[in-house]
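Each residue takes its place number in the sequence, starting with 1. The figures that follow rest on heavy atoms only: side chains count, while hydrogens, waters and symmetry mates do not.
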Amino acid sequence: MNTEILNETDAEVDLDEVVALTEYLGEALHMHPGAELAVTMVDSAAMSELHVTWMDLEGPTDVMSFPMDQLHQGEPDSPTEGQMGDIIICPEVAEAQAGAAGHSTMDEILLLTVHGFLHLLGYDHGEPEEREEMFALQRHLLLTFFAARYDGRTDIPTPTED
């Protein structure tokens, strides 16, 4: 997984941890090692602008995904190649959601990274069946990443309801 990561905010974000997660996701979802992804942290003003431009919704949101090559999850013997696209995360919104949910801002940013990554692979949560599939996979990926990375940790952040 080739991840370009930028923090265009003053927020303290462990970018190395985000990259470690994207590498884990790339392996777990059978993405080619050369698949390309960009993750950018933006402030609420920039996110508000993106939100109104692309979704016609006012105000900042937590995460937005912009797919490039319309990729899908690969198979063990056939990893998916190409440009995944961009995940845009707003740490300010993540911090507020984390506070309301009772977990750390970094945990929320990691949750949003998984969520955005899955959207880039075509997962959605517009319909109940889609939501169930996407959120179950999101939970599984976070659990396995946290358990491997943090000495068996099994508590993961709960997604904010739409």
Exercise. Atom NE2 in His103, atom CG in Leu111: separation rounded to 0.5 Å?
Worked result: 6.5 Å

For this session: Report the distance from atom CE of Met31 to atom CE of Met84, rounding to the nearest 0.5 Å.
Result: 4.5 Å

For this session: Would you name the heavy atoms of Ile109 and Ile89 that are closest together and state the gap between them?
Result: O-CD1, 4.0 Å

Exercise. Minimum heavy-atom separation for Glu23 to Met1, with atom names?
Worked result: CA-CB, 4.1 Å

Seminar exercise, completed: Smallest heavy-atom separation, Leu120 atom then Asp86 atom, equals CD2-O, 3.8 Å

Problem set entry | Set of residues satisfying ring-ring contact (aromatic ring centres under 6.0 Å, His included) with respect to Tyr24, sequence neighbours excluded | Phe145

For this session: Look at the aromatic rings of His125 and His115 and report parallel, tilted or perpendicular, splitting at 30° and 60°.
Result: tilted

For this session: Assess whether atom CD of Glu49 is packed by more than 12 heavy atoms of other residues, nucleotides or ligands within 6.0 Å.
Result: no

Seminar exercise, completed: Interatomic distance, OG@Ser48 vs CD@Glu92, rounded to 0.5 Å, equals 9.0 Å

Exercise. Of the non-hydrogen atoms in Leu110 and Leu21, which two are nearest, and what is the gap between them?
Worked result: O-CD2, 3.4 Å

Exercise. Between Leu25 and Met41, is there a shared hydrophobic cluster once you connect ILVMFWY residues whose side-chain heavy atoms come closer than 4.5 Å?
Worked result: yes

Exercise. Around atom CG of Asp56, are there more than 12 heavy atoms of other residues, nucleotides or ligands at under 6.0 Å?
Worked result: no

For this session: Give a yes or no on whether Leu141 and Val63 share a hydrophobic cluster (residues Ile, Leu, Val, Met, Phe, Trp, Tyr; joining criterion: side-chain heavy atoms under 4.5 Å apart).
Result: yes

Exercise. His51: what forms a ring-ring contact (aromatic ring centres under 6.0 Å, His included) with it, not counting sequence neighbours?
Worked result: none

For this session: For Thr154 and Leu143, work out which heavy atoms get closest and say how close.
Result: O-CD2, 3.3 Å

For this session: Please list, chain by chain and in numerical order, all residues satisfying side chain to side chain contact (heavy atoms under 4.5 Å, CB included) with Gln70, sequence neighbours excluded.
Result: Pro67

Exercise. At their closest point, which heavy atom of Gly26 faces which heavy atom of Phe117, and how far apart are they?
Worked result: N-CZ, 3.9 Å

